[in-house]
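These notes are about the structure you will find just below.
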Amino acid sequence: MSQHSQPQLLMRLSSLENLNPPVLPEGYKLRLFEESDRATLTHTLKAAFPELLWSEESIGKWLLDDPTVKKVFVIDYEGQVVATASVRYVEHRYPGAGYLHWVGTNPKHQGKKLGMIVSYAVLQAFREDGYPQAVLQTDDFRKSAIAIY
C-alpha cells in the first residue's frame, strides 16, 4: 500500500451536536502539534501505520505542509507524541464537512481511548469553524477507526 492509495470506506457523521467528550487519562496531554514534535510524530505514525513509509520528510509533504490541513492535534505522554489526528478541509469534495485526517495511536498506548480523544478535539474544531458534519476515509481492516467513528 502506498501513501496515495485510496481508502475503501467513507464514513460521514451527519451532526456534530451532542458529542460527549471523553476523559483524558492521567499523565497525557492534548495539544496542538509543535515543530519540536516532528520526530515523535513520525515515530507514532510509523507505529500506527506500519504499511506506510512515514519519514520526517513525508510528514511535511503529506501532512504538515498540506494547505488543506489546518490543525494537527497530538496527545503527549512524557514529552512524546503518542496519538494524533488532524483538521482538514476539502471543500470541493466534501462541502460543509470537515475531514478527520490521519488518526493514529502508538500501539504501546492503545486501549486508553486516545484515538477517540484526539478525534473529538478535531470534531470540536470543525464545529467551532462552522462545519456541521465530518467525514473520515479509512480502510475496512482498520477496526479501531471504524469503532471510534
Side-chain angles (χ1 to χ4, degrees), residues 1-13 16-90 94 97-129 131 133-149:
M1 183 171 175
S2 73
Q3 293 292 128
H4 300 289
S5 66
Q6 286 295 325
Q8 299 167 339
L9 297 175
L10 173 67
M11 298 187 298
R12 181 178 292 269
L13 185 59
L16 299 180
E17 298 301 317
N18 303 317
L19 299 173
N20 295 317
V23 177
L24 194 62
E26 190 174 325
Y28 292 84
K29 179 181 173 187
L30 175 67
R31 61 178 175 77
L32 290 172
F33 169 84
E34 299 168 0
E35 187 56 38
S36 61
D37 296 325
R38 191 177 286 260
T40 61
L41 178 59
T42 302
H43 177 76
T44 288
L45 288 170
K46 280 181 178 181
F49 303 99
E51 72 282 5
L52 302 177
L53 302 174
W54 285 106
S55 67
E56 288 187 39
E57 182 180 302
S58 66
I59 281 183
K61 184 177 179 181
W62 293 310
L63 180 63
L64 302 175
D65 300 332
D66 180 340
T68 65
V69 175
K70 303 303 180 187
K71 293 179 185 170
V72 176
F73 285 96
V74 299
I75 294 180
D76 177 302
Y77 181 75
E78 298 180 348
Q80 306 291 305
V81 171
V82 298
T84 187
S86 302
V87 172
R88 184 178 187 213
Y89 298 115
V90 190
Y94 309 108
Y99 185 109
L100 181 57
H101 193 49
W102 288 119
V103 179
T105 300
N106 185 310
K108 293 178 182 176
H109 294 268
Q110 286 179 340
K112 297 176 171 74
K113 300 190 181 203
L114 301 179
M116 184 177 292
I117 292 164
V118 76
S119 294
Y120 181 83
V122 171
L123 297 177
Q124 280 187 299
F126 294 158
R127 205 166 52 191
E128 289 167 7
D129 290 345
Y131 287 79
Q133 298 182 356
V135 296
L136 169 73
Q137 286 186 290
T138 192
D139 295 298
D140 59 1
F141 65 87
R142 296 194 191 284
K143 306 291 187 216
S144 60
I146 295 166
I148 287 171
Y149 216 62

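- Residues that satisfy the side chain to side chain contact (heavy atoms under 4.5 Å, CB included) test with Glu17, not counting sequence neighbours, are Ser15, Arg127.
- Under the 4.5 Å side-chain criterion, counting only non-hydrogen atoms from C-beta, Asp65 is not in contact with Lys61.
- Once rounded to the nearest 0.5 Å, the distance linking OG1 of Thr40 with CD of Gln80 reads 5.0 Å.
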Side chain to side chain contact (heavy atoms under 4.5 Å, CB included) evaluation trace for Leu32 with Phe73: CA-CA 4 Å; Leu32 290 172; Phe73 285 96; 3.6 Å; yes
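- Leu53 and Ser58 make their closest contact through O-OG, 3.5 Å (heavy atoms, listed as atom of the first residue, atom of the second, distance).
- In terms of the side-chain hydrogen bond (donor to acceptor under 3.5 Å, both in side chains) criterion, residue partners of Glu35 (sequence neighbours excluded) are, by chain and number, Arg38.
- Pairs engaging residues 102-111 under the salt bridge (Lys or Arg N to Asp or Glu O under 4.0 Å) rule: none recorded [sequence neighbours left out].
- Between Leu114 and Ile75, the shortest heavy-atom distance links the atoms O-CD1, 3.4 Å.
- Of all the heavy atoms in Ser119 and Leu100, the pair that sits closest is OG-CD2, 3.9 Å.
- Every ring-ring contact (aromatic ring centres under 6.0 Å, His included) that Tyr89 has, sequence neighbours left out, goes to Phe126, Tyr131.
- Atom-to-atom distance recorded for Ile59:CD1 and His43:NE2 is 11.5 Å, nearest 0.5 angstrom.
- To the nearest 0.5 Å, the span separating CG on Asp129 from NZ on Lys71 amounts to 5.5 Å.
- Here the CG atom belonging to Asn106 is positioned 11.0 Å from the CG atom belonging to Leu41, to the nearest 0.5 angstrom.
- With sequence neighbours left out, Thr68 forms a side-chain hydrogen bond (donor to acceptor under 3.5 Å, both in side chains) with Asp66, Arg88.
- Judged as a salt bridge (Lys or Arg N to Asp or Glu O under 4.0 Å), not a single pair has a partner in residues 112-121 (not counting sequence neighbours).
- Between Trp54 and Phe49, the ring planes lie tilted relative to each other; the angle falls in the 30° to 60° range.
- Applying the side chain to side chain contact (heavy atoms under 4.5 Å, CB included) criterion to Ser86, with sequence neighbours excluded, gives Leu63, Val69, Val72, His101.
- In this structure, the side chain to side chain contact (heavy atoms under 4.5 Å, CB included) partners of Ala97, at least two apart in sequence or on a different chain, are Arg12, Tyr94, Gln133, Val135.
- Side chain of Thr44 to backbone of Thr105: no donor-acceptor contact under 3.5 angstrom is found.
- In this structure, CG in Leu123 is found 11.0 Å from CD in Glu128, a value given to the nearest 0.5 Å.
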Going by atom type alone, with no hydrogens or angles, which donor-acceptor pairs under 3.5 Å involve a side-chain atom of residues 19-30 and a protein atom two or more places apart or on another chain?
unit_1: Tyr28; atom_1: OH; unit_2: His109; atom_2: ND1; d: 2.8

